[in-house]
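Notes follow the structure.
In each ligand, atom 1 is the first atom listed, and ligand 1 is the first ligand listed.
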Amino acid sequence: MRFEEQRELMVQEQIISRGITDEKVLDAMRKVERHLFVPEHSRYNAYQDFPIPIGEGQTISQPYIIALMIELLELKSSDKVLEIGTGSGYQTALLAEMADTVCSIERIASLARKARDLLNKLNYENIYIKVSDGTKGWGNTYPSIKEFDAIIISAGAPKIPEKLVEQLANNGRMILPYGNRFSQILTRLTKRGNDIDREEFGGCIFVPLIGKYGWTY
Ligand code: SAH
């Protein structure tokens with residue numbers, strides 16, 4: 001089966017069938033060629049219902065969990081998004097299809113370089129990737145953005161990274177897997193003035209968020 005047909009099947013059988021309805025999410029998943037973001041020897045599995053190793057002990061997440069997290073961000077085309085954990089860059093591309101600007105932080109330089117090269121080749125001009133500890137936030141790097149409309153953390157956090165909450169705009173949404181090393185709860189925080197709304201969306205399993213305001217090892 002051609003990759004394009006596999007991609008449509010993925011959207012129908014894994015994403016729509018499990019209740020994702022945001023057309024912008026579905027369109028982005030139909031468009032972005034997930035097989036380009038996995039190692040060559042795993043391409044035949046790229047559209048299957050599971051995460052895939054991408055090297056350095058990291059994984060590209062299962063398609064459905066990515067779709068769910070992005071839907072929960074409720075993105076508008078004018079939104080500035082911060083992603084922690086670039087990994088393969090697949091989710092970065094989906095976000096770039098839907099939002100104005102995507103700033104993405106990855107702590108492992110070799111993964112960041114690979115993702116940056118591929119996203120450049122695919123002609124994305126609204127993605128900025130930096131190698132750093134994402135739990136500290138975007139900082140003074142170009143583009144200078146002090147507050148993000150949406151923040152997505154793609155690794156399991158043992159506590160809420162306060163620095164990132166600070167960089168969330170009013171009415172901004174943050175989605176993160178929150179919990180212990182081996183299982184987490186998909187959690188959405190929404191900033192409302194001085195208050196933070198908190199909602200939970202079920203269990204998930206992510207690689208650990210390692211950094212100053214995450215796991216320290
Ligand atoms: N959405 C990505 C998920 C990659 S896995 C994809 O689908 O490909 C999570 C990534 O988070 C890993 O690449 C890991 O190196 C990175 N990571 C873990 N802790 C981090 C931190 N503090 N700052 C930035 N990246 C981090």
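- Comment: Lys114 does not engage Asp117 in a salt bridge, judged by the lack of any side-chain N to carboxylate O separation of less than 4.0 angstrom.
- Legend: ring pair (Phe, Tyr, Trp, His ring centres under 6.0 Å) pairs involving residues 94-114, not counting sequence neighbours: none detected.
- Every residue meeting the side-chain hydrogen bond (donor to acceptor under 3.5 Å, both in side chains) condition with Lys130, not counting sequence neighbours, appears here in chain and number order: Thr141.
- In summary, Glu74 and Arg173 do not engage in a salt bridge, as defined by a charged side-chain N under 4.0 Å from a carboxylate O.
- The salt bridge (Lys or Arg N to Asp or Glu O under 4.0 Å) test applied to Arg116 returns no partner, not counting sequence neighbours.
- Sorted by chain and number, the heavy-atom contacts of ligand 1 below 4.0 Å come from Gln58, Thr59, Ile60, Ser61, Ile66, Ile84, Gly85, Thr86, Gly87, Ser88, Gln91, Ile105, Glu106, Arg107, Ile108, Leu111, Ser132, Asp133, Gly134, Thr135, Ser154, Val207, Pro208, Leu209, Ile210.
- Under 4.0 Å is where a charged nitrogen must lie from a carboxylate oxygen, and between Lys163 and Glu166 at least one such pair does.
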